[in-house]
Amino acid sequence: MQSHLSLKWVILAATSAVVTYVIGILLNVPLPWVYALYGWSVVASIWMTLRILKDPYSTDKSFDDYFYQDRPDIRRVGKE
């Protein structure tokens, strides 16, 4: 099943579900609602993870070569 939502909207929906769950706990909403919010946040997080892993975007950049390129004190200078 292909999702018609862009990856940005999937991440936004999952993050909103988790934030709503946390706010629900802080506001002392009724316990059945907290359970429902928790269930939805887990489903949304799994949906987001699967959507990110199945995203067709690829790059030729490697983690070792491009991670922390903005920090000269920990940047990799050359391949060893």
Side-chain angles (χ1 to χ4, degrees):
M1 181 170 100
Q2 182 67 20
S3 175
H4 296 290
L5 294 174
S6 70
L7 190 57
K8 177 177 93 172
W9 289 108
V10 171
I11 293 171
L12 181 65
T15 304
S16 298
V18 173
V19 168
T20 303
Y21 164 67
V22 171
I23 290 173
I25 290 174
L26 294 174
L27 295 178
N28 292 323
V29 298
L31 200 54
W33 288 22
V34 171
Y35 290 147
L37 290 171
Y38 175 74
W40 170 241
S41 68
V42 170
V43 169
S45 297
I46 292 171
W47 175 50
M48 176 184 64
T49 303
L50 291 174
R51 181 67 170 81
I52 289 171
L53 292 174
K54 293 169 97 177
D55 191 47
Y57 176 79
S58 64
T59 182
D60 59 347
K61 296 179 181 178
S62 69
F63 181 80
D64 289 335
D65 293 335
Y66 289 93
F67 193 63
Y68 286 133
Q69 287 295 313
D70 57 337
R71 295 219 16 218
D73 56 330
I74 58 176
R75 180 179 8 203
R76 261 185 121 152
V77 177
K79 293 196 179 210
E80 301 165 329

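This structure is a prediction, so every number in the text was calculated from the model and none was measured.
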Trainee: Enumerate the residue pairs fulfilling ring-ring contact (aromatic ring centres under 6.0 Å, His included) with a member in residues 19-41, sequence neighbours excluded, ordered by first and then second residue.
Mentor: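 Every ring-ring contact (aromatic ring centres under 6.0 Å, His included) pair that includes a residue of residues 19-41, provided the two are not neighbours, is Tyr21-Tyr38.
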Trainee: Just to verify, what does Ile11 make a side-chain contact (heavy atoms from CB on, under 4.5 Å) with, not counting sequence neighbours?
Mentor: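 Only Leu7, Thr15, Met48, Ile52 meet the side-chain contact (heavy atoms from CB on, under 4.5 Å) criterion with Ile11.
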Trainee: For residues Ala14 and Ala44, report the shortest heavy-atom separation together with the two atoms involved.
Mentor: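 Nearest heavy atoms, Ala14 then Ala44: CB-O, 3.4 Å.
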Trainee: First locate atom CG of Leu37, then atom OG of Ser41, and finally report the distance between them rounded to the nearest 0.5 Å.
Mentor: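 With rounding to 0.5 Å, CG (Leu37) is 7.5 Å from OG (Ser41).
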Trainee: Group every Ile, Leu, Val, Met, Phe, Trp and Tyr by side-chain heavy-atom contacts under 4.5 Å, then state whether Val18 and Leu26 land in the same group.
Mentor: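 No, it is not one cluster - the side chains of Val18 and Leu26 are not joined through contacts under 4.5 Å.
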Trainee: How many angstroms lie between CG in Leu50 and CG in Asp55, if you round to the nearest 0.5 Å?
Mentor: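 Reported value, rounded in 0.5 Å steps: 12.5 Å.
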Trainee: If you group Ile, Leu, Val, Met, Phe, Trp and Tyr by side-chain heavy-atom gaps below 4.5 Å, do Val42 and Val22 land in one group?
Mentor: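 Yes, one cluster joins them.
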